[in-house]
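Below, each value reflects all heavy atoms present in this structure, side chains not excepted, and no hydrogens, waters or symmetry copies. In this chain, numbering begins with 1 at the start of the sequence shown. Please read all numbers here as calculations on a predicted model, not as lab measurements.
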Amino acid sequence: MLRARGRHRTRRLEEHRALAHYLAGLSAFAFHDPKAMPDFRPAGAPPRAAEAAVHTADHERVRGVLIGMALRAR
């Protein structure tokens, strides 16, 4: 039980640390170049069309490489 509490506390501290790091980056954008600040996207929002196209192409490349590797092994 004590180990679980310690692990939970460590995980919470890491989450807070990551959030503080992200907020520092956003503050830097807001201070130096507010126009370049990324738009807010809620968690779980679908990717934008441009990002989806890049990811689709990457997935197809990886799929092709994996199929090639599977056929070579035979």
Side-chain angles (χ1 to χ4, degrees):
M1 178 128 171
L2 294 175
R3 289 185 191 144
R5 181 174 288 175
R7 284 191 307 256
H8 175 72
R9 184 171 187 271
T10 303
R11 188 174 62 236
R12 291 285 308 254
L13 288 173
E14 282 297 312
E15 289 171 358
H16 285 280
R17 189 181 68 78
L19 180 61
H21 181 75
Y22 181 70
L23 291 175
L26 289 179
S27 297
F29 269 114
F31 181 76
H32 295 292
D33 192 6
K35 293 178 185 171
M37 190 164 167
D39 294 333
F40 172 76
R41 286 189 4 200
R48 294 185 181 102
E51 293 174 6
V54 170
H55 292 303
T56 302
D58 288 341
H59 287 295
E60 290 302 318
R61 277 191 215 105
V62 170
R63 183 173 177 263
V65 169
L66 291 176
I67 289 173
M69 289 169 59
L71 292 175
R72 239 184 292 145
R74 290 182 182 181

List the residues meeting salt bridge (Lys or Arg N to Asp or Glu O under 4.0 Å) with Asp58, not counting sequence neighbours, and say none if there are none. Arg61
Just to verify, what does Glu14 make a salt bridge (Lys or Arg N to Asp or Glu O under 4.0 Å) with, not counting sequence neighbours? Arg17
What's the separation between atom CZ in Arg5 and atom OG1 in Thr10, rounded to the nearest 0.5 Å? 12.5 Å
Considering residues at least two apart in sequence or located in another chain, which fulfil the side-chain contact (heavy atoms from CB on, under 4.5 Å) criterion with [X]?
X: Leu19; result: Leu23
X: Glu15; result: Arg11, Arg12
X: Arg63; result: Glu60, Ile67

